[in-house]
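All remarks here apply to the structure that follows.
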Amino acid sequence: MIPHSQNNAFYLIIGRFFQLIYSVISVKILTHSLPVEEVGVYYLVISLIGFYSVVFISPFGSYFTTKINQLNNQNNLYSGFLLLFLFSCSCFLLALPSLYYYLDNAEHHLSFEIIVLILFLDLVFGTLSSFIISSFNMLFYRLRFVLYTNIVLFIGLIFAIYLTTTIGEIAYNWLFGLMLAKLLICIIVLYDFKKVFKCHFNYSFIFESIFNRKKLTTLSRFCIPLSIAGIAVWAQSHYYRFYITEYFTLEALALLSIGFAMATNLTLAFESLVNQYFIPILYREIASNPQKKDKVYSKTFNCIVPLYLSFFIFLLYFSPLVLKILTNNDYDSAGKYMAWGIGIEFFRVLLRLFSNVLYLESKTKIVMYSSIIASVILLFLLFSTVDAVLSNLILIPVYILISALISFIMVMYKVNRVTILNLDYFKFIIISGLSSSVYLFSFYQHDNVFFDVLEITVAGISFVAIQFFFNKQLFINKPN
């Protein structure tokens, strides 16, 4: 049963507000707590862990998400968490040989033992806690979802600050703080889920899921294309960090990574808010009215796309001011990388949005093909123009933007073959234009941080007000 009082956007908006605060505070503290080189190490380790996450965890997670309501109706969702735990442990063991090989041959001398511990905490307990928390949202327990999502972030930040100030200002200590918070929250949410739903392990279901050949075949056909695509996506999003460490310095990596991270963090904050409200509704509506799926897709995307368009215009205009507020003077040159990162994230967000159609229709191969082709083009550009890149680092984000655009075009071509979308392009232009026009009256040519924050706040309120006026139903009811 869906708690009616929680079936609205209020908790999600409040939760996303605190997550945005976290994004602001964490970047500010990270850039002030760690030397520039250690910031480079931090992002390098994050990319390394992210590789194993997208290869092993994300594909299974996408499959698991589509089955949450079904498992809950069968009272097997709690047992599904045990399967997820066993799967994550297996993935960790599979990751060790390749991790050892890479670290043994890398020039930057990352510690194998420390990376293994961080990887274990993230792949196993981080994965389990995130999916339990996400299940609260999918089952419309919005308040619990928002509370746990924010608690794990802020506890992780507290642990990270404590370890870096008491033990040493190195990236490993910061990462340990984040992972210990995931371990703690995993224990708490697992207990709470059992208490709320009064569930127990169904060992016959677990045994059947592990050894049922038909189910394993279905799972493999769903996950393998996404896993291969995950490698390609990782190459598009993270390989540049390893490329930079080979041809440039950790300081250069830190500058480009901070610029991209600012664009990514702010984008994900907004995208997550949109997804947390709309995606559960989309999945539920498609499941209950499959014969009206074209109408459901069109109405949902006609609500979401204008939000994204106007948000990215807002973010692009204020990117220099945002970077000025959130980092110190060592990262002033990262502004140009943030602008390019915003363009990259725009196409990635739209790709992820429309890919929901392919997930629901089990047409995931095109996601794999588009990512592979785009990543191959990116790698070709990087290695065929090494001399040019060495003299102009800005070519790296340019190449990544090209690869992101190629992926988006290929996915949209397939989406239009799978379903008939009736998108309201006139509405897109009107809402985007009106929400953007307010920024023409903004001038951030002052040195007072208070006025910087005030100007962004006023522009943000104007953005929300325009969205509310033209899409009032988004804040009140689900799209029908």
Side-chain angles (χ1 to χ4, degrees), residues 45-68 71-72 76-100 102-103 112-138 145 148-149 152-153 155-156 175-194 199-203 205-212 215-216 218-231 233-234 238 359:
V45 175
I46 289 293
S47 294
L48 188 59
I49 295 174
F51 172 79
Y52 295 106
S53 179
V54 299
V55 171
F56 294 118
I57 303 301
S58 295
F60 183 79
S62 298
Y63 181 83
F64 188 85
T65 299
T66 64
K67 302 296 181 181
I68 285 178
L71 290 173
N72 183 62
N76 284 325
L77 185 54
Y78 196 66
S79 301
F81 294 147
L82 180 56
L83 287 172
L84 182 62
F85 174 79
L86 296 174
F87 179 80
S88 300
C89 289
S90 301
C91 292
F92 168 73
L93 295 176
L94 290 173
L96 291 181
S98 59
L99 179 64
Y100 177 80
Y102 168 73
L103 294 178
F112 175 73
E113 293 79 8
I114 295 177
I115 299 299
V116 164
L117 181 55
I118 293 174
L119 181 65
F120 174 75
L121 292 173
D122 187 76
L123 283 190
V124 177
F125 296 103
T127 296
L128 184 58
S129 63
S130 66
F131 277 101
I132 296 174
I133 294 171
S134 296
S135 295
F136 279 123
N137 181 53
M138 291 295 291
F145 168 75
Y148 287 133
T149 300
V152 69
L153 293 176
I155 289 180
L175 288 163
F176 269 129
L178 303 181
M179 300 307 160
L180 289 175
K182 292 182 179 182
L183 172 60
L184 175 63
I185 294 300
C186 182
I187 298 172
I188 295 174
V189 296
L190 188 62
Y191 171 80
D192 188 41
F193 191 92
K194 180 178 176 63
C199 46
H200 59 276
F201 291 129
N202 183 344
Y203 293 103
F205 168 78
I206 295 171
F207 183 85
E208 181 185 358
S209 298
I210 295 175
F211 296 102
N212 187 302
K215 289 185 177 181
L216 291 176
T218 301
L219 177 64
S220 299
R221 288 177 177 174
F222 183 92
C223 291
I224 289 176
L226 292 182
S227 183
I228 297 173
I231 298 175
V233 170
W234 179 88
H238 294 274
Y359 294 148

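In this chain, residues are counted from 1 in sequence order.
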Side-chain donor-acceptor contacts of residues 177-188 below 3.5 Å, not counting sequence neighbours, with atom names and distances?
| residue | atom | partner | partner atom | Å |
| --- | --- | --- | --- | --- |
| Lys182 | NZ | Asp122 | OD1 | 2.6 |

If every non-hydrogen atom of [X] is compared with every non-hydrogen atom of [Y], which pair is closest and at what distance?
{"X": "Ser47", "Y": "Trp234", "value": "O-NE1, 2.8 Å"}
{"X": "His200", "Y": "Lys194", "value": "CA-NZ, 4.0 Å"}
{"X": "Thr149", "Y": "Val152", "value": "O-CG1, 3.2 Å"}

For a 4.5 angstrom cut-off between non-hydrogen side-chain atoms, does [X] reach [Y]?
{"X": "Phe64", "Y": "Leu71", "answer": "yes"}
{"X": "Leu86", "Y": "Ile210", "answer": "yes"}
{"X": "Leu103", "Y": "Leu48", "answer": "yes"}

Gap separating the [atom1] atom of [X] from the [atom2] atom of [Y], nearest 0.5 angstrom:
{"X": "Asp192", "Y": "Ile132", "atom1": "CG", "atom2": "CD1", "value": "10.0 Å"}
{"X": "Cys89", "Y": "Phe120", "atom1": "SG", "atom2": "CZ", "value": "5.5 Å"}
{"X": "Leu123", "Y": "Phe56", "atom1": "CG", "atom2": "CZ", "value": "8.5 Å"}

Could you check whether any side-chain N or O of Ser53 sits under 3.5 Å from a backbone N or O of Ile49, counting only pairs where one atom can act as donor and the other as acceptor?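 A pair under 3.5 Å: no.
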Who are the side chain to side chain contact (heavy atoms under 4.5 Å, CB included) partners of Ser88, not counting sequence neighbours? Ile57, Leu84, Val124, Thr127
Sequence-distant partners of Tyr100, side chain to side chain contact (heavy atoms under 4.5 Å, CB included), two or more places apart: Asp104, Phe112
Step by step, would you call Thr218 with Tyr63 a side-chain contact (heavy atoms from CB on, under 4.5 Å)? CA-CA 10 Å; Thr218 301; Tyr63 181 83; 4.2 Å; yes
Could you list the residues that satisfy ring-ring contact (aromatic ring centres under 6.0 Å, His included) with Phe60, not counting sequence neighbours? Phe87
Which pairs of donor and acceptor atoms, one on a side chain in residues 219-229, lie under 3.5 Å apart (sequence neighbours left out)?
| residue | atom | partner | partner atom | Å |
| --- | --- | --- | --- | --- |
| Ser220 | OG | Leu216 | O | 2.8 |
| Ser227 | OG | Val55 | O | 2.6 |

Donor on one side chain, acceptor on other, Tyr52 and Ser98, under 3.5 Å: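 On atom types as modelled, these side chains qualify, holding a pair under 3.5 Å.
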Please report, to 0.1 Å, the donor-acceptor pairs under 3.5 Å made by any side chain of residues 76-83, with sequence neighbours excluded.
| residue | atom | partner | partner atom | Å |
| --- | --- | --- | --- | --- |
| Asn76 | OD1 | Asn202 | ND2 | 3.1 |
| Ser79 | OG | Asn202 | N | 2.6 |

